[in-house]
Protein chains: 2
Amino acid sequence: MVTIYDIAKQANVSAMTVSKVINNTGKISEKTRVRIKKIMEEMNYVPNSMARSLVLQETKMLSLLIPDITNPFFTTVARGAEDAAMRLGYKLLFGNSDESLSKEKEYVDMVLSTRVDGVLFSAASDLSGPHLETLRRHKIPFVLLDRYVPGIDCDMVSGDSKEGARKLVEHLIAQGHRRIAVINGSLTVSTARERLAGYREALKLNDIPADDELILEMNYKQFADEAALRRLLELPEPPTAVFAGNNFIAVGLIRKLLELGIRVPDQMSVVCFDDLGASVIDPFFTVVSQPAYQFGAMGIQLLIDRIKGATTPEWKRVVLPSELIIRGSSSAPESKRA
Amino acid sequence: MVTIYDIAKQANVSAMTVSKVINNTGKISEKTRVRIKKIMEEMNYVPNSMARSLVLQETKMLSLLIPDITNPFFTTVARGAEDAAMRLGYKLLFGNSDESLSKEKEYVDMVLSTRVDGVLFSAASDLSGPHLETLRRHKIPFVLLDRYVPGIDCDMVSGDSKEGARKLVEHLIAQGHRRIAVINGSLTVSTARERLAGYREALKLNDIPADDELILEMNYKQFADEAALRRLLELPEPPTAVFAGNNFIAVGLIRKLLELGIRVPDQMSVVCFDDLGASVIDPFFTVVSQPAYQFGAMGIQLLIDRIKGATTPEWKRVVLPSELIIRGSSSAPESKRA
DNA sequence: CTGTTAGCGCATTCAA
DNA sequence: TTGAATGCGCTAACAG
């Protein structure tokens, strides 16, 4: 491997001089600068960032931990994060936790030994606290993404899940629905709690009685509990609309509904959080769409600000706006139609 | 930061002894081993992989370069790659090239200085050759993913684009189509050439005359040329079916077709390469689906085999099977229907 | 403007 | 079974 010493020897200077032209630091005469640059070119020299990291105590690497890159929301987050990191001169290490604490722990261990400069962290659940404390103990800055973790004060970028859920449910109410079910992610995830709170608020604001039988808790990874759905449909007064906690739940739900011969939106309206990605042909779901790309880009921005100490000591909390997009998966209930 | 020296001091041994228990190398008495382990626990010691990399000359990091993580095909590739890498004890650095040679070059430079142990590389185009030669000059093993690059001999995992295209087009022919257009990616990408070849072969095998007016070259990132589409539709004998080079082209095409009031599949059948991801509700496109997850996992596998010298010196070429999935976007042409 | 010294955290080699 | 010396490639701090 070519090192600064090889360059130095070739150029009849000391290694230090070479180092200085690499980093544009110190005073070097223009003559020797171009001469050394030329030699570096010729010898295909590339600085070894491991060695540099070791002495500088920084790696210029960030890591992104998300539940699942396969979810279009996080795919786009990742793209935003990668673009921002690249633009600011950082590399991005990434990992999927599948909302599993044990995978998350594995990943945190990896991250610690890699000495990344910071972590953009979308927590598996409320129980991720210890992992974050581990990071903090090792003085690795992190920014929370999307999900709040109780007891952890830090920078964070998120959407407003409560407000988004409220908008979605009020849209259903405005269409005439009164029996509205929720199929939610695990309540150990902050966004799921907030979405439930938004749902409840919408009902209350519209004087619709809450009915716990209409509230199902599953997980964000997929539609998980067919039996629960059947029970929902066999209620004396079944729901005419469902608010799905995220896109994956909504997709799974629709599939089940199709299997059961229930038409959407004719017999059942379905709305959900988060869009389905750029590749979808005929946008179908009524959703609250969050600016996923911004989530990632802004997260990296906050993280780097924090790393560089370019921020105020107080924690920053950025809340990105979401947008209600009304499409074909929701309509007035049968009973209210001509 | 806690180092082996801190541990050593605490345990009244030399740093080397600590190093040996960390790596399970050399002979250490069981007593001191557990004692040192305990102290490492207590002091929250985590080995510094930068320092280790520097001496061992390996980073246990791999990098994945793809055109765009936002494309569901590559999203799934990335997931397969990350899982495989993690399982085998490697971290994954990732980057998007957007099929741009200059972004690709930037990324290659980053990768060189990071001293990753290997690169899983989905080339921007035929012109990526120099980038690969750069990697080779620096003795960084790589495996090509999905796309062949002329003049570069190496390990590779790919699908059979020609065969897949042939199946797709023969399906259309079997349905009665004779005027079949192609909207393809750039012909500087190997898969686009092979898909075109498969198309041509299918026509020839069925004695259908080739017509260059039916062949459009765009790019894989999106549907790019509306004017060309109009020309296609205004041909004296317009196509009754289109073979789209990939999923993004197909999605863009459908959108345009909808705008123009052309119904799919009634007035125009559309088929394409690659599926649209797990999040799609109602699978619609007739596609040739490739096992994207395997692409990623197998790519990492080959790469690590190569790194470890666990392979034969000859280059390996793994071709993953693809599957024709017939769905609603294709049907018999109007002229052939009752 | 340029060079010398020292050390980042760790593992290999060889000696004790 | 353990330890001392050495070096991986680089840069900060200082000396010339």
Protein-nucleotides 12-16 of chain C N/O pairs under 3.5 Å:
none

Between C:dA11 (P) and B:Leu54 (CG): distance, integer Å: 11 Å

Looking at B:Arg52, I'd like to know whether one of its side-chain N or O atoms comes within less than 4.0 Å of OP1 or OP2 on C:dG9. no

Is the NZ atom of B:Lys105 crowded by more than 12 outside heavy atoms at less than 6.0 Å? no

Among side-chain atoms of A:Thr59 and A:Asp117, is any donor-acceptor pair under 3.5 angstrom? yes

Side-chain donor/acceptor of B:Ser53 to backbone N/O of B:Glu58, under 3.5 Å: yes

Mind listing the residues from residues 3-15 of chain A sitting with a heavy atom below 4.0 Å of DNA chain D? Number order is fine. A:Thr3, A:Ile4, A:Tyr5

Interatomic distance, B:Asn24 CG vs C:dC10 C1' [rounded to whole Å]: 16 Å

Does a side-chain N-to-carboxylate-O contact under 4.0 Å join A:Arg137 and A:Glu133? no

Just by modelled atom types, is the B:Leu93 backbone N or O under 3.5 Å from a matching donor or acceptor in the B:Ser63 side chain? no

Mind calculating the distance between CD (B:Gln57) and P (D:dC10) to the nearest angstrom? 10 Å

Just by modelled atom types, is the B:Met110 backbone N or O under 3.5 Å from a matching donor or acceptor in the B:Thr114 side chain? yes

Hey, does A:Leu101 have a side-chain heavy atom less than 4.5 Å from the side chain of A:Ser128? yes

Measure from the side-chain heavy atoms of B:Ala51 and tell me the nearest of D:dT2, C:dC10, D:dG9. C:dC10

So which of residues 28-35 of chain B are in contact with DNA chain D, with a heavy-atom cut-off of under 4.0 Å? B:Ile28, B:Ser29, B:Thr32

Checking B:Asp98 side chain against B:Ser100 main chain: does a donor-acceptor pair fall under 3.5 Å? no

Side-chain contact check for B:Asn23: nearest option of D:dT2, C:dC1, C:dA11 is C:dA11

Between the main-chain N or O of A:Glu106 and the side-chain N or O of A:Asp109, is there a donor-acceptor pair closer than 3.5 Å? no

Rounded to whole Å, OH of B:Tyr45 lies from P of C:dG9 at a distance of 10 Å

Flag the pair A:Asp153 and A:Arg136 as a salt bridge only when some basic side-chain nitrogen lies within less than 4.0 angstrom of an acidic carboxylate oxygen. no

If the test is side chain to side chain contact (heavy atoms under 4.5 Å, CB included), which one of B:Ile307, B:Leu120, B:Val119 qualifies with B:Val143? B:Leu120

Taking five pairs at each end of the helix from C:dC1-D:dG16 to C:dA16-D:dT1, what angle separates the two helix axes (nearest 10°)? 40°

Whether A:Thr188 side chain and A:Ser125 backbone form a donor-acceptor pair below 3.5 Å: no

Identify every side-chain donor-acceptor pair in residues 291-305 of chain B under 3.5 Å, counting partners at least two apart or on other chains, and give the distances.
residue	atom	partner	partner atom	Å
B:Tyr293	OH	B:Asp83	OD2	2.5

B:Glu58 CD to D:dC8 C1', in whole Å, measures 13 Å

Which whole-number value in Å describes the distance from B:Met40 CE to C:dC10 P? 11 Å

Which residue pairs pass the ring pair (Phe, Tyr, Trp, His ring centres under 6.0 Å) test with at least one member in residues 118-154 of chain A, sequence neighbours excluded? none

